[in-house]
There are 2 protein chains.
Amino acid sequence: MPRSGDVVPDATVERLPLYHQALVELARTGETTVSSVKLAELAGVNAAKVRKDLSFLGSYGTRGVGYDVDFLTIQVSRTLGLTGDSSVVIVGFGNLGQALAKYGGFADRGFPVVAIVDADPTKVGTAVKETDGVVVQHVDELAKIVRSQGVAVGVIATPAESAQSAADALVGAGVQSILSFAPVVLDIPETIPWRKVDLATELQILSFYQARSGSLQHPA
Amino acid sequence: MPRSGDVVPDATVERLPLYHQALVELARTGETTVSSVKLAELAGVNAAKVRKDLSFLGSYGTRGVGYDVDFLTIQVSRTLGLTGDSSVVIVGFGNLGQALAKYGGFADRGFPVVAIVDADPTKVGTAVKETDGVVVQHVDELAKIVRSQGVAVGVIATPAESAQSAADALVGAGVQSILSFAPVVLDIPETIPWRKVDLATELQILSFYQARSGSLQHPA
DNA sequence: TATTGCTTGTTCTCAAATTCACAAACACGG
DNA sequence: CCGTGTTTGTGAATTTGAGAACAAGCAATA
Ligand SMILES: NC(=O)c1ccc[n+]([C@@H]2O[C@H](COP(=O)([O-])OP(=O)(O)OC[C@H]3O[C@@H](n4cnc5c(N)ncnc54)[C@H](O)[C@@H]3O)[C@@H](O)[C@H]2O)c1
Ligand SMILES: NC(=O)c1ccc[n+]([C@@H]2O[C@H](COP(=O)([O-])OP(=O)(O)OC[C@H]3O[C@@H](n4cnc5c(N)ncnc54)[C@H](O)[C@@H]3O)[C@@H](O)[C@H]2O)c1
């Protein structure tokens, strides 16, 4: 019987946010319990997989009934480490950085944007009303900002050629994880988890499956 | 001996864009050949994995020497189906849609944005200079646009609640693949490959590995 | 309290992916 | 033309993940 102290497989970790999202939606619509079949449908995965994934967190379902939506949400959140908010700093206030800054979906999901930095002096001083008027600061202030505000996550939205130096600055400043939109592999200490979101890569993967048309759908 | 006609594993397909990117970068810096070790380093993966992945495309290396950068680039491109350009239509000209529209990285990598649509009449008519002055059109024109311009890829940048109808419209219009930024599971025919990019999901996955600090790095 | 119907949790089997390890193959220098 | 050093391509072993199947367990109801 796996308990929450045991390891959770990587493949499961990647799906937990899907379940979390589905659970939040269920709670919003007033559902109090949910079966693995229903949850699987909402998350777009196999029901057996849902049950196995959830069993890694503990035995939180009730046979014949299903899972309690609120309780399961808490368990998934806890496993993902979504206890309190994790503040985010955005590095690079260009096209993408501005879109991210204005986007409310981060704060809604527990990742408030508390600071924005850029290397361009002409961008420093801009206030973003969507994020409670956070003002763009210079990248040289990064370490001070991270320390004083207890920033946990750094988001890199600089051009590819500046991404490594942005990463170095974030690591030096003491952030605990990094999400990068630059299409380059970063050299980051193993102690700091990081992920990359690369749109061109996504389009190229789609291109493959499109060429092999119909042979496989959405394998993500 | 696997040939290009054989199947390429999903896990390999997901990495081919990484290699492609590294190869383009190598060519830019004037390198003519590259070893699996070097390529692995650039792509951030294991060298044996690189060799096995490439072997699915065919036997294109030279023992004792490595791979010819230009030739391998062509083979990877061909496998991914990156022969000609694939035109893209962006659905939703909000924060994210505008950032995407202004971003040059799409066209650079063979995915020119040839059209943008939105449901909001006040957005219709806006011209985006970064993409050769493409003008935002109404979403009702989607089918006509896709057919007349031979659009291959649809990018969904609408709010979550409109994403399914955007997907339906794209499918109806005849696009061949879909990339969505909305944090919802879409119901799309199996014949049309689609992928989802969800930033909150990425942050939540990072949150897990951060909580289990140091036990595992960047598993993507 | 016994029965019934439903859903979980887990076991088992199969498939996919990763990694190691090394023979085969090639370039090059002497 | 032969030996040497290097790097590929791929078998084989191992790890990881997926999915089917079903016994175990609970609620509800009579
Ligand atoms: N815009 C998009 O839709 C989009 C899509 C996919 C990927 N990306 C990637 O996201 C990144 C940003 O794209 P963009 O379109 O916003 O670029 P951009 O040029 O509009 O903005 C980059 C910003 O980063 C700032 N910057 C540069 N070096 C910096 C440094 N060392 N420290 C701090 N700030 C620095 C610049 O001053 C600028 O404001 C790029 O790597 C791009 O490939 C963007
Ligand atoms: N902005 C970001 O940085 C960001 C980050 C992550 C995810 N997202 C996701 O991307 C999506 C868009 O985000 P955003 O911040 O750009 O939102 P937004 O509200 O700024 O823009 C949405 C746009 O879509 C248009 N639209 C609405 N319904 C439509 C329809 N049926 N057909 C065509 N157009 C329609 C609206 O008129 C609006 O212009 C959302 O799903 C959001 O969750 C955005």
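Just so we're on the same page: letters track the sequence lines, and every chain starts at 1.
Distance, B:Glu41 CD to D:dT7 C1': 16 Å, rounded to whole Å. When the C1' atom of D:dG9 is taken as reference, atom CG of B:Leu57 falls 13 Å away, rounded to whole Å. For A:Phe56 and C:dT11, the CZ to C1' distance is 12 Å, given to the nearest whole Å. What separates CG of A:Leu72 from P of C:dT8 is a distance of 10 Å, to the nearest Å.
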Inset, instruction - Give the intermediate values and the outcome of side-chain contact (heavy atoms from CB on, under 4.5 Å) for residues B:Thr32 and B:Val69. - result: CA-CA 5 Å; B:Thr32 59; B:Val69 171; 5.7 Å; no

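Shown here are the side chain to side chain contact (heavy atoms under 4.5 Å, CB included) partners of A:Phe208, two or more places apart in sequence or in another chain: A:Arg212, B:Val8, B:Val13, B:Thr79, B:Leu80. A search for side chain to side chain contact (heavy atoms under 4.5 Å, CB included) contacts involving B:Asn95 returns A:Ala99, A:Lys102, not counting sequence neighbours. Partners of A:Ala211 according to the side chain to side chain contact (heavy atoms under 4.5 Å, CB included) rule, which considers only residues two or more places apart in sequence or in another chain, do not exist here. With sequence neighbours excluded, no residue forms a side-chain hydrogen bond (donor to acceptor under 3.5 Å, both in side chains) with A:Ser207. Taking the side-chain hydrogen bond (donor to acceptor under 3.5 Å, both in side chains) definition, one finds that B:Thr131 meets it with nothing, sequence neighbours left out. Listed by chain and number, the residues in a side chain to side chain contact (heavy atoms under 4.5 Å, CB included) with B:Phe181 are A:Leu199, B:Leu96, B:Leu100, B:Val155, B:Leu179, B:Val197 (sequence neighbours excluded).
Applying the side chain to side chain donor-acceptor pair (under 3.5 Å) test to pairs two or more places apart or on separate chains, none has a residue in residues 82-94 of chain B. Among residue pairs with one or both ends in residues 20-41 of chain A, those qualifying as salt bridge (charged side-chain N to carboxylate O under 4.0 Å, His left out) are A:Glu25-A:Arg28; sequence neighbours excluded.
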Quick test: give all pairs of protein nitrogen or oxygen and nucleotides 22-30 of chain C nitrogen or oxygen below 3.5 Å, distance rounded to 0.1 Å.
{"from": "C:dA24", "atom 1": "N3", "to": "B:Arg63", "atom 2": "NH1", "distance (Å)": "2.8"}

Pairs under 3.5 angstrom, nitrogen or oxygen only, protein versus nucleotides 15-18 of chain D, please.
{"from": "D:dG17", "atom 1": "OP1", "to": "A:Ala11", "atom 2": "N", "distance (Å)": "3.4"}
{"from": "D:dA18", "atom 1": "OP1", "to": "A:Arg15", "atom 2": "NH1", "distance (Å)": "3.3"}
{"from": "D:dA18", "atom 1": "OP2", "to": "A:Arg15", "atom 2": "NH1", "distance (Å)": "3.4"}
{"from": "D:dA18", "atom 1": "OP2", "to": "A:Arg15", "atom 2": "NH2", "distance (Å)": "3.1"}

Please table the atom pairs, donor to acceptor, closer than 3.5 Å between any side-chain atom in residues 162-173 of chain B and protein atoms at least two apart or in another chain.
{"from": "B:Gln164", "atom 1": "OE1", "to": "B:Asp187", "atom 2": "N", "distance (Å)": "2.9"}
{"from": "B:Gln164", "atom 1": "NE2", "to": "B:Asp168", "atom 2": "OD1", "distance (Å)": "2.9"}
{"from": "B:Gln164", "atom 1": "NE2", "to": "B:Asp187", "atom 2": "O", "distance (Å)": "3.1"}
{"from": "B:Ser165", "atom 1": "OG", "to": "B:Ser162", "atom 2": "O", "distance (Å)": "3.0"}

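Closest approach of A:Tyr209 to B:Asp10, counting heavy atoms only: OH-OD1, 2.7 Å.
The shortest distance between the side-chain N/O atoms of A:Tyr67 and the OP1/OP2 oxygens of D:dC26 is not below 4.0 Å. Distances shorter than 4.0 Å separate none of the side-chain N or O atoms of B:Asn46 from OP1 or OP2 on C:dA17.
If you check residues 27-39 of chain B against DNA chain D, the residues with a heavy atom closer than 4.0 Å are B:Ser35, B:Ser36, listed by number.
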